[in-house]
Amino acid sequence: MQEEQRTEAEERLFDILVFLATSARGCIDEPPLYGPFRLVDALSRLIDVYGHVPGLKKDPFLTEIKAEIDGKKFLVMSDPEGFKRFLDELVRKFTVELKRRSGQRS
Amino acid sequence: MEVLEAIRGRRSIRKYKPQPIPDEVVEKILEAGRWAPSGGNIQPWIFIVVRDRATLEMIRKVSPGYLGTAPLAIVVCSDKQRAFQVGGRLGRDYMTIADCAMAVQNMLLAAYALGLGTCVVKSFSPIAVREILEIPDGIEPELIVVVGYPDERPVVPHRFSIEEITYLDKYGNKFVRKGP
């Protein structure tokens, strides 16, 4: 059988889709906070795709966000309140960036 | 290494060095697992050692709780059919889980004593793992033990004190520590 040829970007995206599918099923039985944990983990994995897809170049803001996620996502295990604060801060940073990209200053 | 030292020092590791694990070390970990206590001596556990890189990658991809890469994983399964034949519903529904958990703890401590890091993963898709490893009906994947040489030193997590989780003689009667 002829082996299918896939680009690195296609493989990376497929891996994320597998992660999302298995997470969706897992979240039915897992602790409630694992839902946000999986989402933020997926966010980090999606940012990883930048730079590997033609037309999607590495984004300094997202690179910084990914580093922050990877450094703080495990708070979910040890410090749920700290995890919530980290998510709040993440949303705030995204909003500031959204405004900047929309041409507005905060 | 003292057992108590291993119990207190072990941490869940999520960042590993790519360094392979020698066969004799893996065998020592498995040996520790098979000497775990077992209700009715059913020994329902079946260990699938996964070291093939492509298989390991597939397992990791269908396991959202499997974070980081490691050169080896042990998929701990239980033989539900045998457990039911010997131990009835109690054996099949409860003791398999307890027995596999005890086997896993033995393996975690042995691995730690051998200089390895581990992480127990329950957040995996049993359907997918069953498909990838061709696990037959009646055999249930219970836990995945990720094993590798640690590349991080996690912070010591919070633990409830003995007084917070212990009563003396009857529920609610305070247990007072006498030791340091």
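Residue numbers start from 1 in every chain, and the chains themselves are labelled A, B, ... in the order their sequence lines are given, proteins ahead of strands.
Taken together through direct or relayed side-chain contacts under 4.5 Å among Ile, Leu, Val, Met, Phe, Trp and Tyr, B/Phe47 and B/Leu114 form part of one hydrophobic cluster. A single hydrophobic cluster is seen to contain both A/Ile16 and A/Leu56, as judged by linkage of ILVMFWY side chains at heavy-atom distances under 4.5 Å, directly or through other members. If you chain together hydrophobic residues whose side chains sit under 4.5 Å apart, B/Tyr66 and B/Leu133 fall into the same group. One hydrophobic cluster, built from ILVMFWY side chains closer than 4.5 Å, holds both A/Phe74 and A/Leu33.
For chain A, the nearby part of B/Leu67 is the side chain; its heavy atoms alone come within less than 4.5 Å. Looking at A/Asp79, neither its backbone nor its side chain comes within 4.5 Å of chain B, counting heavy atoms on both sides. For A/Ser23, the parts lying near chain B are the backbone and the side chain together; criterion is any non-hydrogen pair under 4.5 Å.
A donor-acceptor pair is defined here as one N or O able to donate and one able to accept, closer than 3.5 Å; such a pair exists between the side chain of A/Arg38 and the backbone of B/Pro64.
More than 12 heavy atoms of other shown residues, nucleotides or ligands fall within 6.0 angstrom of atom CG in A/Asp88. Sparse packing is recorded around CD of A/Glu64, with 12 or fewer heavy atoms of other residues, nucleotides or ligands lying under 6.0 Å away.
The distance from atom CZ of B/Arg14 to atom CE of A/Met77, rounded to the nearest 0.5 Å, is 4.5 Å.
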Next item on the list: Evaluate the criterion side-chain contact (heavy atoms from CB on, under 4.5 Å) for residue pair B/Ser123 and A/Glu30; output intermediate values, then yes/no.
Entry: CA-CA 8 Å; B/Ser123 292; A/Glu30 289 181 341; 2.4 Å; yes
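Scanning all heavy atoms of the two residues, the minimum distance from A/Val18 to B/Lys61 falls at CG1-O, 3.3 Å.
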